[in-house]
Amino acid sequence: MHRRLIVPGAIAASLMLAIPASAANFQPGAPGIGDPYYPASGNGGYDVGHYDLRLKYQPATDLLEGTATLIATPTQDLSRFNLDLGLTTHEVRVNGRKAEFRTAGAQELEVTPASPLPKNRPVSVVVRYSGKPSEVKIGGWTAWHRTPDGGVAAQEPDSAAWWFPSNDHPLDKATFDVSVSVPDGTQAISNGVLQSQSPRLGWTRFNWRSDKPQATYLATLAVGRFDITTDTTAGGLPVLNAYSKDLGANAGAARASLERTAEVAEWLEEVFGPYPFNALGGYVPNVRSGYALETQTRPFYSPRQFASGSNVSVVVHELAHQWYGDSVSVEGWKDIWINEGFARYSQWLWSEKEGEGTAQELADWVYASRPADDPFWTVKPGDPGPDDQFHVAVYDRGALALQALRNEIGDEDFFRILKGWPTERAYGNAEVADFVAYAERISGERLGTLFDTWLYQPSKPQAPAAAGARTAARSAAPAVADPAPAAPPKSWKEIAATNTVHDTGHPVHEGGHRH
């Protein structure tokens with residue numbers, strides 16, 4: 001047997017070769033992704049491609065136990081990285097090896113792997129954790145709803161930190177497998193398609209898959225006792241709606257609304273193009289909130305949305321978000337108009353389709369019913385600021401901007417834009433400026449002044465979003481608004497009822513979310 005003698009100098013040289021030449025460049029990832037509205041949201045240094053969540057939830061105690069596996073790719077040479085999680089972490093492994101971890105603040109989990117992580121080399125991260133989500137407070141509030149028979153995660157701009165570790169910002173979208181074990185007689189509802197369910201020793205495990213990129217705030221979980229209806233669209237998409245068994249007087253109206261989901265989606269495909277995901281549906285848990293949320297493939301609706309009877313308009317709003325907000329997501333939270341302005345305008349288009357008031361008539365009503373000194377006009381939908389991110393002006397003035405665009409470029413180009421944008425940008429992110437550039441490219445017109453007027457000026461525009469907007473805007477004399485219509489369009493009451501669609505009950509302005 002031949003033995004090679006290695007002298008100390010050779011040992012040192014071989015060790016040097018084992019250490020990457022760029023070791024000095026390994027740096028911690030940023031504790032935030034860089035969103036000025038929410039500096040603590042998300043993290044820098046990596047992208048998550050897939051979340052595998054294996055959970056167990058006890059409705060009686062609100063105890064959630066979880067093992068999350070993240071498949072991610074470093075975007076820099078990483079010495080350390082952060083995850084967003086408010087529950088208690090018990091163990092972290094990176095590429096199969098135990099990693100050091102510590103918590104910082106209310107939601108930052110700092111992970112130091114046993115070995116640095118080179119850029120562009122995929123890694124696996126396994127986090128074992130537990131806790132009672134309703135007891136977790138981040139910024140003084142919780143995104144977790146306790147219900148008489150379970151719990152629900154559905155909130156914006158974030159809810160993930162209450163039930164799984166993540167890179168919690170829409171810029172980092174991923175696919176999801178969510179597997180949840182709950183006591184027999186209880187169901188677990190999540191995004192996408194139910195792959196399987198299996199009982200074992202008094203517990204039933206539900207396995208859900210969302211196979212297209214999904215922002216973390218759009219991931220949802222609802223555990224409770226539900227009546228579930230299922231169907232399949234003409235195109236083969238599975239439809240699943242779920243209703244808490246104790247909705248009381250709101251039960252009938254909720255069903256009368258959600259059971260039209262497939263019909264609404266079929267119509268929206270004519271407006272926005274092919275439906276972008278693998279499932280349809282919605283759910284109505286017995287929560288005390290009053291808002292709704294576009295959780296991907298399966299929107300969340302509070303029972304109060306149906307307190308005055310059926311409201312298909314709110315279903316239109318949340319399903320429109322599947323294209324505008326879910327498939328094409330915000331680059332940063334300042335770009336919320338490309339979500340909410342379009343979802344509100346879809347309600348106007350539905351009204352037009354149903355013969356209950358044209359989009360123009362609704363625009364005229366909104367414009368005329370708000371005097372120039374109304375604070376409504378000081379909110380800039382294109383960059384409203386975190387305090388006004390979900391102000392009603394982002395919705396209504398945002399929709400006025402689209403009606404102004406429609407009148408400026410004509411129906412042919414306008415509807416080409418509505419359909420082409422979510423196709424060209426599918427599963428990605430965008431800024432308001434990206435939409436403006438796209439509209440100019442498709443229409444062949446310069447639109448900067450129009451969008452600046454309706455999205456960025458903190459005052460009531462001189463010209464209404466009316467059919468004469470093109471003429472008025474080009475006239476040297478100030479335009480005079482038409483007199484207020486004698487009565488609102490027939491659909492207005494139903495549309496206005498959805499002004500609380502994102503009112504979570506936390507400190508907010510009119511029509512808003514938490515700050």
Side-chain angles (χ1 to χ4, degrees), residues 313 316-317 320 336-338 340-384 388 390-411 414 417-418 432 435-436 439 447-499 501 509-512:
S313 190
V316 172
H317 184 104
I336 192 63
W337 172 74
I338 63 173
E340 301 302 347
F342 292 81
R344 174 50 55 89
Y345 195 76
S346 71
Q347 295 175 273
W348 292 11
L349 291 176
W350 177 262
S351 169
E352 198 167 278
K353 168 191 173 291
E354 294 290 281
E356 296 184 342
T358 66
Q360 185 62 63
E361 290 168 341
L362 286 160
D364 290 343
W365 177 260
V366 169
Y367 183 87
S369 63
R370 299 277 189 173
D373 60 355
D374 192 316
F376 172 93
W377 298 107
T378 67
V379 177
K380 300 178 291 184
D383 188 1
D388 288 325
F390 299 99
H391 193 286
V392 69
V394 175
Y395 297 72
D396 283 346
R397 187 175 174 183
L400 283 173
L402 289 170
Q403 184 62 25
L405 174 64
R406 182 179 178 179
N407 290 330
E408 182 71 13
I409 65 177
D411 276 12
F414 179 73
I417 289 167
L418 287 193
V432 173
F435 181 84
V436 174
L447 301 169
T449 298
L450 182 146
F451 282 111
D452 181 67
T453 297
W454 290 98
L455 297 182
Y456 293 103
Q457 293 304 312
S459 59
K460 186 173 183 176
Q462 290 291 325
R470 178 194 296 266
T471 303
R474 294 175 179 173
S475 171
V480 178
D482 295 333
K490 184 178 178 181
S491 62
W492 178 250
K493 183 177 180 181
E494 189 175 65
I495 292 171
T498 66
N499 282 345
V501 73
H509 289 291
E510 183 181 5

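Summarising the geometry, atom OG belonging to Ser491 is positioned 12.5 Å from atom NZ belonging to Lys353; distances are rounded to the nearest 0.5 Å. A distance of 9.0 Å separates CG of Asp364 from CG of Leu400, quoted to the nearest 0.5 Å. The CH2 atom of Trp365 sits 12.5 Å away from atom CD1 of Ile495, with the distance rounded to the nearest 0.5 Å. Between atom CZ of residue Arg397 and atom NZ of residue Lys380 there is a gap of 9.5 Å, rounded to the nearest 0.5 Å. If you take OG on Ser351 and CD on Glu494, they are separated by 9.0 Å, rounding to the nearest 0.5 Å.
You'll find the side chain of Trp348 reaches within 4.5 Å of the side chain of Val366, heavy atoms only. Side-chain contact between Pro371 and Trp377 is absent, with no heavy-atom pair separated by less than 4.5 Å. Residues Leu418 and Leu349 are in side-chain contact: their nearest non-hydrogen atoms beyond the backbone lie under 4.5 Å apart. Using a 4.5 Å heavy-atom cutoff, the side chains of Val394 and Arg344 are not in contact. At least one side-chain heavy atom of Thr449 sits less than 4.5 Å from a side-chain heavy atom of Thr453. Considering only heavy atoms from C-beta on, Asp396 comes within 4.5 Å of Phe376 through its side chain.
Ile336 and Pro384 get closest at one heavy-atom pair: CG2-CG, 4.0 Å. Here the shortest heavy-atom pairing between Pro381 and Ala393 reads CG-O, 3.9 Å.
Annotation for Lys490: atom NZ does not count as buried by contact number, only 12 or fewer foreign heavy atoms lying within 6.0 Å.
Partners of Glu354 under the side chain to side chain donor-acceptor pair (under 3.5 Å) rule, at least two apart in sequence or in another chain, do not exist in this structure. Every residue meeting the side chain to side chain donor-acceptor pair (under 3.5 Å) condition with Glu352, not counting sequence neighbours, appears here in chain and number order: Arg406.
In this structure, the side chain of Ser313 does not engage the main chain of Gln347 through any donor-acceptor pair within 3.5 Å.
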Discussion item. Checking Ile409 against Leu447 for the side chain to side chain contact (heavy atoms under 4.5 Å, CB included) test, could you report, in this order, the C-alpha distance in whole Å, the side-chain angles of both residues, the deciding distance, and whether it holds?
Written reply: CA-CA 9 Å; Ile409 65 177; Leu447 301 169; 4.0 Å; yes
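The ring pair (Phe, Tyr, Trp, His ring centres under 6.0 Å) with Trp337 is formed by just one residue from the set Trp454, Phe435, Tyr395, Tyr456; it is Phe435.
Under the 6.0 Å distance and 45° angle rule, Lys460 counts as a cation-pi partner of Tyr367.
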